[in-house]
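Both counts, for ligands and for their atoms, begin at 1 and track the order of listing. For reference, positions follow the sequence shown, starting with 1.
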Amino acid sequence: MKLSSSLLPYFGLFSGLGQAIPTWPSSIDELEDVMFLDTGYKSRGFSSHITPCEFSEFGAGRQTAAEWLRIGFHDMSTTNVFFTPHGGIDGSIAFELGDGENIGAGFNTSLTTYSGFFNSRLPISDMIALGVYASVRGCGGPVVPMRGGRVDATAAGPAGVPQPQNGQGIFKNQFTRMGFNVTDMIQMTACGHTLGGVHAGDFNNIVTPGVSPNDFQLFDTTTSFDNDIAVQYINGPNSDPLAVGPSVASGRNSDFAVFTADNNVTLKAMANAATFNSMCTSILQRMIETVDPAVVLSDVIQPYEVKPTSIQLTLISGGAQIQFSGDIRVRTTTRSISSVAVIYKDRNGVGSTSIAASSSGTANGFDDSFSFYGFSSNLPADSSISSFTVAVTYTTGATQTYDNNGNGFPIQDSIIVQTPQSCQSNGNLTVIAAVRGNTTAPSLTVEQKVARPSGTPIPSLVNATVAMVGEASFGPYTLYSTSYTIASAAGTKYGVASGSFADTFKNAADLGVTCAPFGSAAPNSTSSSSSMPSTTSSSSISMSSSATSTPTLAVKPTVGAYSFQGCYTEGTGVRALTGASFYDYTAMTLEMCSSNCAGFTYWGVEYGGECSVAEYCGAGNRLELYKLTSQGSSSSSAISSSSSASIPSSILSTSSIPSTTSSVSSSAMASPTLHIVKSAGLYNYMGCFTEGNGVRALAAASYPSDSDTVEACVAACSPYMYAGAEYGRECYCANSFSAGSVIVPDGDCSMTCAGNQYEYCGAGNRLSVYVRNGTGNSSWSHDRNLLRDTDLNPGGSQERETISISAAKQEDMVFEH
Ligand SMILES: *[C@@H]1O[C@H](CO)[C@@H](O)[C@H](O)[C@H]1NC(C)=O
Ligand SMILES: *[C@@H]1O[C@H](CO)[C@@H](O)[C@H](O)[C@H]1NC(C)=O
Ligand SMILES: *[C@@H]1O[C@H](CO)[C@@H](O)[C@H](O)[C@H]1NC(C)=O
Ligand SMILES: *[C@@H]1O[C@H](CO)[C@@H](O)[C@H](O)[C@H]1NC(C)=O
Ligand SMILES: *[C@@H]1O[C@H](CO)[C@@H](O)[C@H](O)[C@H]1NC(C)=O
Ligand SMILES: *[C@@H]1O[C@H](CO)[C@@H](O)[C@H](O)[C@H]1NC(C)=O
Ligand SMILES: *[C@@H]1O[C@H](CO)[C@@H](O)[C@H](O)[C@H]1NC(C)=O
Ligand SMILES: *[C@@H]1O[C@H](CO)[C@@H](O)[C@H](O)[C@H]1NC(C)=O
Ligand SMILES: *[C@@H]1O[C@H](CO)[C@@H](O)[C@H](O)[C@H]1NC(C)=O
């Protein structure tokens with residue numbers, strides 16, 4: 001749901017001065033989420049690629065944080081302030097990887113990682129800048145102020161990255177061309193070279209092959225962001241390969257050439273830790289704010305105190321009601337919250353109806369913490385809604401009302417996507433929109449990522465606009481529908497627009513595979529559904545009219561052959577259970593949901609109307625998860641044993657309830673269903689595991705792929721004993737587990753595989769782990785305690801030591817002076 005305009009408003013930004021809490025919605029909303037939601041509920045996982053600081057998902061001898069800092073410099077360093085356009089941080093480096101100035105694997109892999117976050121609201125150039133912020137902060141450095149609003153180049157720019165063999169005079173000229181003086185040049189080089197080192201494989205006349213471990217030599221003696229680079233240069237002993245060693249004879253001792261440009265004055269100052277940090281904060285901010293003058297950057301991004309997320313209106317009850325749902329994110333860095341309420345005005349701006357929100361999860365960034373509060377309420381469709389405020393009551397007893405910098409949080413109800421009635425499967429995207437007043441026919445907009453040719457690691461965004469066809473009217477709304485063929489749901493955004501109103505930026509991957517009929521009545525947690533006047537159904541939007549039953553406000557421990565598993569979050573950007581969705585607003589009961597979902601191992605009920613009886617699990621993005629208790633032990637012993645550990649003790653007694661046979665809906669059985677792949681090739685499912693303590697659980701090899709499946713992952717990992725699929729598209733292999741990896745409920749591994757929507761492939765910080773046939777034994781998944789290497793492989797500790805040795809010799813950060 002957006003503001004009452006199809007254009008993103010940019011108010012509150014662009015002053016270019018100070019730091020202001022943004023007014024919602026804002027152009028930096030997507031960037032702000034990726035910046036601050038590192039771990040926890042609704043986390044975006046950006047920093048997981050650089051955590052811990054010396055980590056690389058691409059194997060030993062690499063340090064992703066250093067690579068992210070390096071690509072920031074390389075993208076900027078072709079700037080020419082004497083010509084238009086300047087260039088600057090514009091992502092043009094994605095088209096320049098073959099030009100001989102950008103040597104090393106880190107450019108391609110960094111851009112590939114950034115591409116996963118890329119969309120029409122988050123350009124690659126802002127990701128490059130954010131990578132600088134994250135790598136510095138994640139490695140213990142200062143907060144580099146971050147602004148959004150960069151504009152991506154669509155082709156290569158001019159050459160001009162400083163190279164190690166250049167002389168001091170050329171360096172000075174190059175930095176002048178970029179807009180920096182000699183002092184700036186020295187600071188930027190020292191701040192860049194506190195992370196990483198030089199690869200012998202890329203620069204054998206700087207680091208002699210076969211000498212350094214992993215053929216890699218650090219610039220200084222630490223992997224973290226500190227002033228060791230300056231201290232060792234001034235006080236010795238100096239191990240910087242760009243100042244001493246073979247680089248001297250080969251004329252590539254570029255750090256020496258740069259640092260002596262002012263007779264060591266700046267480096268001497270930087271030997272003080274506080275001075276180093278303040279100089280780096282300033283020069284790195286200027287580095288990432290080097291953009292074309294036509295680009296207007298936002299204010300420095302501060303986290304919202306209160307930010308609405310996943311706000312959605314949905315027409316229900318045969319057009320009599322609108323379901324208003326979402327999550328409110330509250331910043332909790334400096335205070336604790338007792339309760340949160342959403343207070344809304346009707347569409348005439350009148351009234352103040354309060355809706356209680358309940359805790360749905362917590363998240364953390366480098367410097368901030370957040371709590372989410374979910375809500376869902378059914379409003380009369382006639383009076384509807386126009387805006388809301390948020391009342392936050394602190395544990396001190398004080399209540400503060402957040403009104404979005406005086407504006408209220410705006411909600412338009414002129415056009416809304418009907419997500420329950422929309423669906424996608426096999427590339428067929430069907431979207432239903434409800435248009436109020438039926439005045440202007442709406443259109444569907446679809447934004448897809450399309451791969452570019454010749455190895456360019458970032459995709460292009462391609463838009464399509466499709467007219468929608470009127471179907472039938474319900475209450476004050478008319479429903480419209482259309483279908484459109486998409487290449488893949490992954491990364492595809494869609495929305496609907498009518499006149500100046502729009503409801504956009506929805507993930508196609510969040511839609512179920514089945515379009516639900518438009519029901520006649522809403523579920524109601526406190527009273528039975530009222531019967532609504534029957535309305536003639538249209539050809540594609542049919543009314544359901546089954547009898548109602550009175551739901552109860554309680555968790556049902558068992559329903560049919562299924563038992564209650566606890567409250568689960570949805571996946572990141574995807575439904576936790578995406579095998580199928582069944583909706584019936586008339587009389588959804590757990591029994592009906594159970595019946596609809598027969599054939600699935602799990603099914604879930606979510607708040608408000610979607611297979612729901614009660615807003616019992618905290619509403620938005622929470623599933624009450626039920627598991628088929630009669631599942632044969634032969635096929636799923638690992639599942640039941642590990643899942644049972646998550647069932648609240650109050651529910652555990654239900655496991656003794658004899659399971660009964662549910663009536664099976666044959667249509668649900670006929671199509672492929674989302675499931676945990678039990679075996680693939682020589683590998684058998686072992687369970688859902690966390691990553692290790694600051695290390696990958698399976699650290700020997702990785703094979704990320706947008707076409708990842710369990711089968712592809714185990715095939716890629718064939719030399720190894722363990723294969724783990726993570727985050728839908730990642731695949732890790734090893735012969736042993738790193739310390740700290742523990743088994744967790746199967747339901748945690750809730751993301752579908754990028755290459756197969758019917759298979760689970762882990763989740764954020766969760767691996768679906770497979771063990772080569774004959775070596776696994778699911779019985780130990782009963783033990784949810786720390787699963788140490790020795791439990792799995794006596795050789796494990798040896799491999800862990802290998803990992804920590806490699807972590808101490810990390811990545812190339814040559815600015816190539
Ligand atoms: C370089 O520029 C910075 C920032 O504008 C300024 O403070 C500094 O004095 C300049 N240094 C020299 C040597 O001009
Ligand atoms: C600058 O420091 C380097 C490294 O300590 C030293 O070799 C060089 O002589 C110094 N130059 C000046 C002008 O102090
Ligand atoms: C796409 O799905 C919709 C809704 O299920 C259906 O009506 C339509 O025929 C499908 N289109 C194609 C090309 O399969
Ligand atoms: C980037 O890496 C991908 C995957 O390995 C490869 O296909 C592509 O050719 C690489 N691009 C460049 C410019 O090296
Ligand atoms: C594609 O649509 C998005 C909105 O969905 C818009 O921001 C973007 O500018 C469009 N891109 C092009 C190339 O038209
Ligand atoms: C109103 O909705 C109907 C479908 O119920 C459609 O046929 C008609 O064209 C719509 N009118 C306008 C003005 O959009
Ligand atoms: C739902 O419950 C509320 C609160 O008890 C009640 O006012 C409302 O009439 C009910 N709606 C329906 C459709 O039963
Ligand atoms: C496991 O290995 C045995 C012996 O090699 C073989 O007979 C069996 O089919 C294998 N099972 C799977 C699931 O690969
Ligand atoms: C797994 O281990 C348990 C306990 O150690 C043992 O009883 C069981 O036979 C083993 N199963 C297999 C298939 O090896």
Side-chain angles (χ1 to χ4, degrees), residues 57-59 67 71 74 92-116 156 168 182 186 190 202 220 229-240 242-245 248 253 255-271 418 420-432 444 446 451-459 466 468-469 471 479-486 489 494 508 511-518 538-542 580-581 583 667 671 702-708 716 729:
E57 65 207 87
F58 304 103
E67 292 171 356
I71 196 173
H74 275 232
S92 62
I93 193 169
F95 307 97
E96 298 162 354
L97 296 187
D99 71 359
E101 291 191 343
N102 300 299
I103 295 168
F107 298 110
N108 195 350
T109 53
S110 297
L111 288 166
T112 301
T113 299
Y114 295 165
S115 292
Q168 193 183 74
V182 168
I186 296 167
D202 294 333
D220 62 22
I229 182 78
V231 171
Q232 71 167 20
Y233 180 81
I234 297 300
N235 299 333
N238 192 358
S239 60
D240 179 356
L242 287 176
V244 298
V248 178
N253 53 339
D255 276 0
F256 184 84
V258 168
F259 295 162
T260 51
D262 70 351
N263 295 321
N264 299 337
V265 169
T266 300
L267 259 283
K268 278 180 183 154
M270 295 182 100
Q418 289 292 109
Q421 282 77 43
S422 305
C423 57
Q424 62 85 19
S425 67
N426 301 322
N428 180 14
L429 171 69
T430 298
V431 175
I432 310 296
L444 165 70
V446 180
R452 293 181 193 264
S454 64
T456 303
I458 59 166
V466 190
M468 303 188 80
V469 179
E471 300 284 0
L479 298 194
Y480 284 80
S481 78
T482 196
S483 292
Y484 184 70
T485 301
I486 55 174
Y494 72 95
L511 291 172
V513 299
T514 309
C515 288
F518 185 71
S538 75
S539 55
S540 71
I541 300 166
S542 57
S581 301
Y583 305 91
S667 63
S671 51
S702 73
Y703 301 95
S705 164
D706 285 330
S707 55
D708 201 23
R729 59 172 304 284

Heavy-atom contacts with ligand 4 below 4.0 Å: which residues, ordered by chain and residue number?
Leu97, Asn108, Gly455

Under 3.5 Å: donor-acceptor pair, side chain of [X], backbone of [Y]:
X	Y	result
Ser115	Pro457	yes
Asn263	Val265	no
Asn102	Glu96	yes
Gln168	Ala257	yes
Asn253	Val248	no
Ser705	Ser707	yes

Exactly one of Ser422, Cys515, Ser425 should register a side-chain contact (heavy atoms from CB on, under 4.5 Å) with Thr430. Which one does?
Cys515

If only side-chain N and O atoms count, and only distance matters, is there a donor-acceptor pair under 3.5 Å linking Glu57 with Ser702?
no

Numbering as shown, the atoms of ligand 2 that approach Phe256 to under 4.0 Å (heavy-atom distance):
7 (O)

Atoms of ligand 2 close to Asn263 [distance to a heavy atom under 4.0 angstrom, numbered from 1]:
13 (C)

N/O to N/O below 3.5 Å, does that happen between Asn264 and ligand 2?
yes

For ligand 2 and Lys268, I'd like to know whether there is a polar contact (N/O to N/O, distance under 3.5 Å).
no

Could you tell me, atom by atom, which parts of ligand 3 come under 4.0 Å of a heavy atom of Thr430?
1 (C), 2 (O), 3 (C), 4 (C)

Contact atoms of ligand 3, heavy-atom distance to Asn428 under 4.0 Å:
1 (C), 2 (O), 3 (C), 8 (C), 10 (C), 11 (N), 12 (C), 14 (O)

Rounded distance [0.5 Å steps], NE2 in His74 versus CD1 in Ile103
9.0 Å

